[in-house]
Enquirer: 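Supplied in structure tokens, the structure appears directly below.
Chain A is the first sequence line, chain B the second, and so forth, proteins listed ahead of strands; every chain is numbered from 1.
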Amino acid sequence: DTGVSQDPRHKITKRGQNVTFRCDPISEHNRLYWYRQTLGQGPEFLTYFQNEAQLEKSRLLSDRFSAERPKGSFSTLEIQRTEQGDSAMYLCASSPITGITEAFFGQGTRLTVV
Amino acid sequence: QKEVEQNSGPLSVPEGAIASLNCTYSDRGSQSFFWYRQYSGKSPELIMSIYSNGDKEDGRFTAQLNKASQYVSLLIRDSQPSDSATYLCAVNTYNSGGSNYKLTFGKGTLLTVNP
């Protein structure tokens, strides 16, 4: 299976702890996106990379969130000092370098902060 | 604020009927439009993309785009119980720098197909 892969699939953490999620995009895709989705809402844009460059970051993203894509391949999303409001599904998607933004999602990481 | 609006539903149709899902968007510069299907607890799955005014058909699915009215729709013919899911409309939107590589999603419409 050469789709987008995310790890872990589920994460339960205590409030105040740091968590890190990983995303491996489709191998030939240069663009990588992170979205967050809460119950009853559509995916909400967090950030995106083109190769290793982080080109846009949502103003909704607090300083507790950071994302990296060090070699233009996999990406990590870290949340520091987690809060209960961070509980959500974190989705990663990738798309090719061409202008058409047809993006494919991974399975997601469901975060529960207790 | 660039927005994508969908009727949250639920939309309930009998098996074999046509389901019609609608979406409007605010960014007139948008050029690419997508429909994703999302089963409960799963991630979104791309089912249709459309870039030009008019209709695009793929099997039982037809996407319709009217850029003048800023309106996108998805028709599902011969609806099956397995089509029961949330359907998300997504539109590429431009950021302040002029790039359009980000997708903005609506909240989704919950479709239920009754046997």
Enquirer: Mind listing the closest non-hydrogen atom pair of Tyr33(A) and Lys102(B) along with its distance?
Expert: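 It is CE2-CA, 4.4 Å.
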
Enquirer: Taking Ala93(A), Gly106(A), Pro43(A), Gly40(A) one by one, which has the highest count of heavy-atom pairs under 4.5 Å against chain B?
Expert: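 The option with the most such pairs is Pro43(A).
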
Enquirer: Are Ile50(B) and Leu103(B) connected in the hydrophobic side-chain network, where two residues link if heavy atoms are under 4.5 Å apart?
Expert: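 Different clusters.
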
Enquirer: Please report, to 0.1 Å, the donor-acceptor pairs under 3.5 Å made by any side chain of residues 57-64 of chain B, with sequence neighbours excluded.
Expert:
residue	atom	partner	partner atom	Å
Glu57(B)	OE2	Arg77(B)	NH2	3.4
Arg60(B)	NH1	Arg77(B)	O	3.1
Arg60(B)	NH1	Asp78(B)	O	3.2
Arg60(B)	NH1	Asp83(B)	OD2	2.9
Arg60(B)	NH2	Asp83(B)	OD1	2.9
Arg60(B)	NH2	Asp83(B)	OD2	3.3
Thr62(B)	OG1	Arg77(B)	NH1	2.6
Gln64(B)	OE1	Ser73(B)	OG	2.7

Enquirer: For chain B, which residues from residues 84-91 of chain A lie under 4.5 Å away (heavy-atom distances)?
Expert: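 Within residues 84-91 of chain A, the residues under 4.5 Å from chain B are Met89(A), Leu91(A).
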
Enquirer: Verify the cluster assignment for Leu75(B) and Leu11(B): are they in a single hydrophobic cluster under the rule of side-chain heavy atoms below 4.5 Å apart?
Expert: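 The answer is no; the residues belong to distinct hydrophobic clusters.
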
Enquirer: Could you see if Phe45(A) belongs to whatever hydrophobic cluster contains Val4(A)? Use Ile, Leu, Val, Met, Phe, Trp, Tyr and a side-chain cutoff under 4.5 Å.
Expert: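 Yes, because Phe45(A) and Val4(A) connect within a single hydrophobic cluster, where side-chain heavy atoms sit under 4.5 Å apart.
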
Enquirer: Hey, could you give me the OH/CZ distance between Tyr35(A) and Phe105(B), rounded to the nearest 0.5 Å?
Expert: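 Going from OH on Tyr35(A) over to CZ on Phe105(B), the span is 5.0 Å.
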
Enquirer: Should we say atom NZ of Lys11(A) is surrounded by more than 12 heavy atoms from elsewhere, each under 6.0 Å from it?
Expert: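 For Lys11(A), atom NZ is not crowded (no more than 12 foreign heavy atoms under 6.0 Å).
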
Enquirer: Among Leu88(B), Leu46(B), Thr86(B), Leu110(B), single out the residue with the greatest number of heavy-atom pairs under 4.5 Å to chain A.
Expert: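 Most pairs with chain A among the choices: Leu46(B).
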
Enquirer: Going by the rule side chain to side chain donor-acceptor pair (under 3.5 Å), which residues pair with Arg36(A) if we only count those two or more places apart in sequence or in a different chain?
Expert: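 Arg36(A) satisfies side chain to side chain donor-acceptor pair (under 3.5 Å) with Glu44(A) once adjacent residues are dropped.
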
Enquirer: Going hydrophobic residue to hydrophobic residue with side-chain gaps under 4.5 angstrom, can you get from Leu65(B) over to Trp35(B)?
Expert: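 Yes, same cluster.
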
Enquirer: Measuring from atom NZ of Lys107(B) to atom CD of Gln37(A), what distance do you get when rounded to the nearest 0.5 angstrom?
Expert: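 These two atoms lie 12.5 Å from each other.
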
Enquirer: Decide yes or no for Gln38(B) and Phe105(A): does some side-chain heavy atom of the first lie under 4.5 Å from some side-chain heavy atom of the second?
Expert: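 Contact flag for Gln38(B)/Phe105(A) side chains = no.
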
Enquirer: Membership question, hydrophobic clusters at under 4.5 Å side-chain separation (ILVMFWY): are Ile47(B) and Tyr36(B) in the same one?
Expert: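 No, because Tyr36(B) and Ile47(B) fall into different hydrophobic clusters, even though each may have its own neighbours under 4.5 Å.
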
Enquirer: Is it the backbone or the side chain of Gln6(A) that comes under 4.5 Å from a heavy atom of chain B, or both, or neither?
Expert: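 Nothing of Gln6(A), per the 4.5 Å heavy-atom cut-off to chain B.
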
Enquirer: Run the side-chain hydrogen bond (donor to acceptor under 3.5 Å, both in side chains) test on Ser43(B) and Gln107(A) for me, step by step, so that the C-alpha distance in whole Å, both residues' side-chain angles and the decisive distance to 0.1 Å come before the verdict.
Expert: CA-CA 5 Å; Ser43(B) 63; Gln107(A) 316 96 311; over 6 Å; no

Enquirer: Under the rule for side chain to side chain donor-acceptor pair (under 3.5 Å), what residues qualify as partners of Arg9(A), not counting sequence neighbours?
Expert: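 Not a single residue meets the side chain to side chain donor-acceptor pair (under 3.5 Å) criterion with Arg9(A).
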
Enquirer: So what's closer than 4.5 Å to chain A heavy atoms on Glu45(B): side chain, backbone, both or neither?
Expert: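 Interface part for Glu45(B): neither.
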
